[in-house]
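The shown structure was predicted, so the numbers you read here are calculated from the model rather than taken from an experiment. Below, chain A is the first sequence line, B the second, and so on; all start at residue 1.
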Number of protein chains: 2
Amino acid sequence: MPDLPELSVAELTHVLEDFTRMHIRLPAERRLSFTTLSVLHTLAGGGPKRLTDLAAGEQVTQSAITQMVTKLEREGLVERRPDPSDGRAVLVRVTAAGAAIVEGRRNERTARLADLAARLAPGERAAIAAALPALARMVELHRTGEGVAGADPPSTAGGHDDEP
Amino acid sequence: MPDLPELSVAELTHVLEDFTRMHIRLPAERRLSFTTLSVLHTLAGGGPKRLTDLAAGEQVTQSAITQMVTKLEREGLVERRPDPSDGRAVLVRVTAAGAAIVEGRRNERTARLADLAARLAPGERAAIAAALPALARMVELHRTGEGVAGADPPSTAGGHDDEP
DNA sequence: TCACTTAATTAAGTTTCTGATATGTTCTCC
DNA sequence: GGAGAACATATCAGAAACTTAATTAAGTGA
């Protein structure tokens, strides 16, 4: 069999960091904060969630989530409803308007990537296509192997998230 | 010739979004804001830059960059020095301490990805390795084809960035 | 030389966080 | 079945990181 090239994880890290930066600075039509968009994304993709779960996922305090959901509710992007199985909890779900925002942003990203992909050689596109399942599996492994090293506490008081 | 699989840009978008979210919520040892880390990253990778250039790259106002650089300078992570070719401008460069932070975070990411990659099948790793050059070229195309649709104005007063 | 532009700073105000605390709900264990 | 621990959310004060607007200083050009 042919000697397959070994994967350079350092290069992979670099490339993914670059994509992260590309994705992050996507212009926002509405003035929604980073964490707000992340929460909408989470809700749109994974169904209703409690405030506590959202806080854990975003690595932000529960207080911040409460305040953010309150604001999003005023804007009609999410709904609060009692959790039938737990009287203490509240389930937050995205509204149609909220889902539309997430979808809109995804469409922008897809359009941008499609534009770039169109300028690649057919063989390059095929190579990326062939790698997609493996990349998706890495994400999946990450999700399932969560919380091993302990969830990290919220960062940067004043309300910002970290990146590159 | 064999019918190569067509690239699904939608799937690619999805996978990259997931990696973005993985990367972003990496725990920060030091309490540095999102934009701060992004600026350090930019400086560490591309050499000294003027405040204006940093502001354009981060899609944040010049004022915000001035304030951030002032803070970073107090902490010894960057240095300000006059631009020899333009008396109005200031060149910001990262210090060794600042570069160490960027490198440390990259190492954490690499370690995390290496852990995930180790759990893939050899064929999966090879598929990703084969796609890396094409992915890197997409990033390159993005960088060179910048500013086509006009740079977007800063968003989210109160100071937050946008993501998913 | 005088207006215009560009680069950086400063000041005031806004938004989104953290931290601490309060309130109501569920679980546990005697 | 009741007390107390644990949990889920809400509220409030203060801090951090932004924005806008105004200021200073340096290049550009007719």
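Nucleotide C/dT9 holds its C1' atom 10 Å from the CG atom of B/L51, rounded to whole Å. Distance, A/Q62 CD to C/dT16 P: 17 Å, rounded to whole Å. To the nearest angstrom, C1' of D/dA15 lies 12 Å from NZ of B/K71. Straight-line distance from the CG atom of A/L91 to the P atom of D/dA8: 12 Å, rounded to whole Å. One atom, CG of A/L54, and another, P of D/dA8, lie 13 Å apart when rounded to the nearest Å. Straight-line distance from the CE atom of B/M68 to the P atom of C/dT9: 12 Å, rounded to whole Å.
Of the charged side-chain nitrogens involved, none lies within less than 4.0 Å of a carboxylate oxygen, so that B/D83 and B/R88 do not count as a salt-bridged pair. Salt-bridge annotation for B/E79 and B/R81: present, with a side-chain N of the basic residue lying under 4.0 Å from a carboxylate O of the acidic one. Remark: A/R21 does not engage A/E17 in a salt bridge, criterion side-chain N to carboxylate O under 4.0 Å.
Of the candidate nucleotides C/dA20, D/dT19, C/dC17, C/dC17 has the atom nearest to the side chain of A/V60. The side chain of A/T52 approaches D/dT9 more closely than any other nucleotide in the set D/dT9, C/dA8, C/dG19. When each of C/dG19, D/dC7, D/dT20 is scored by its nearest atom to the side-chain atoms of A/Q67, the top-ranked nucleotide is C/dG19.
Toward the 5' end of DNA chain C, the nearer of the two residues A/G87 and A/I65, judged by each one's closest nucleotide, is A/I65. Toward the 5′ end of DNA chain D lies the nearest nucleotide of A/R80, the other residue of the pair B/T36 and A/R80 mapping further downstream.
No side-chain donor-acceptor contact under 3.5 Å links B/T13 and A/R112.
Within 4.0 Å of A/T66, counting heavy atoms only, lies at least one base atom of the nucleic acid.
For the OP1/OP2 pair of C/dA8 and a distance below 4.0 Å, the side-chain nitrogens and oxygens of B/R88 include no atom meeting the criterion.
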